[in-house]
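If you're wondering where the values come from, they're calculated on a predicted model, not measured in any experiment. For ligands, and for the atoms within them, numbers begin at 1 and follow the listed sequence.
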Amino acid sequence: MSRVIKAEPLTADAFAPFGDIVDASGDPDKMINGGMCGRYHDIATLDFGPEGRAGISVFNAQARSLPYTLDLLERHPDGSQAFIPMSAAPFLVIVAPDEGDAPGTPRAFLTAPYQGINFFRGTWHGVLTPLATPGIFAVIDRIGNTANLDEFVLDRPYMVTT
Ligand SMILES: NC(=O)N[C@@H](O)C(=O)O
Ligand code: NI
């Protein structure tokens, strides 16, 4: 019998232990370009460690369907990782607390349109999980000389639903 996780709406408070939300919510920090543009300034904690540097990549991921079978969690011990959607489609964000170097009970969140996320360094998470095609995302994460990847295969999968 699979364990079930119900996806929650993504809110800053709920996501705060795991990362940042990257979106244009609320008032901008500054109006620029002659008042034609609102700047939401410096809204994510990027962290690439002393040996790494920031990189921008593009991921073109297959869309998944719900209920989604979660059987793997991973983390990046050496740096943060941000997923910025290049479409309006919501996507699934799965995170878990660290419990003695293994993930605890996962939580799933459904983004709002045009919301991106930034995982803090070391946050256990599910891989990029689009729910619509194209699953194209800009990814800002660490470029460096380490694998920067710990994977944890779940002995019993979870079914993620909305
Ligand atoms: N492995 C990789 O580049 N992607 C994962 O980190 C992911 O979170 O999707
Ligand atoms: Ni990742």
Rounded to 10°, the NE2/H125 to the Ni ion (ligand 2) to OE1/Q81 angle comes out at 100°
Between the side chains of D29 and R39, is the shortest nitrogen-to-carboxylate-oxygen separation below 4.0 Å, so that they form an ion pair? no
Q.
When you measure from the heavy atoms of F59 to every atom of ligand 1, does any distance fall below 4.0 Å?
A. yes
The atom name of the N, O or S atom in E74 nearest to the Ni ion (ligand 2) is OE2
query: Do NZ/NE/NH1/NH2 and the carboxylate oxygens of R75 and D101 come within less than 4.0 Å?
result: yes
One should read off an interatomic distance between F59 CZ and Q81 CD, to the nearest 0.5 angstrom, of 5.5 Å
Value for CD (E8) from CG (L110), rounded to nearest 0.5 Å, stands at 11.0 Å
If we number the atoms of ligand 1 from 1 as shown, the ones under 4.0 Å from a heavy atom of F83 are 7 (C), 8 (O), 9 (O)
Nearest non-hydrogen protein atom to atom 7 (C) of ligand 1, with distance, is E74 OE2, 3.3 Å
Are F83 and F91, when compared by the centres of their aromatic rings, separated by less than 6.0 Å?
no
Quick note on ligand 1: atoms under 4.0 Å from a heavy atom of H76 include exactly 6 (O)
Closest to atom 9 (O) of ligand 1 among protein heavy atoms sits L128 N, 3.0 Å
A student checking ligand 1 against V127 at a 4.0 Å heavy-atom cut-off should list atoms 7 (C), 8 (O), 9 (O)
Ligand 1 atoms nearer than 4.0 angstrom to some heavy atom of H125 are 8 (O)
Does the N118 side chain pair with the main chain of A44, one donor and one acceptor, at a distance under 3.5 Å?
-> no
Rounded to the nearest 0.5 Å, the CZ atom of R142 sits from the CG atom of D47 at a distance of 9.5 Å
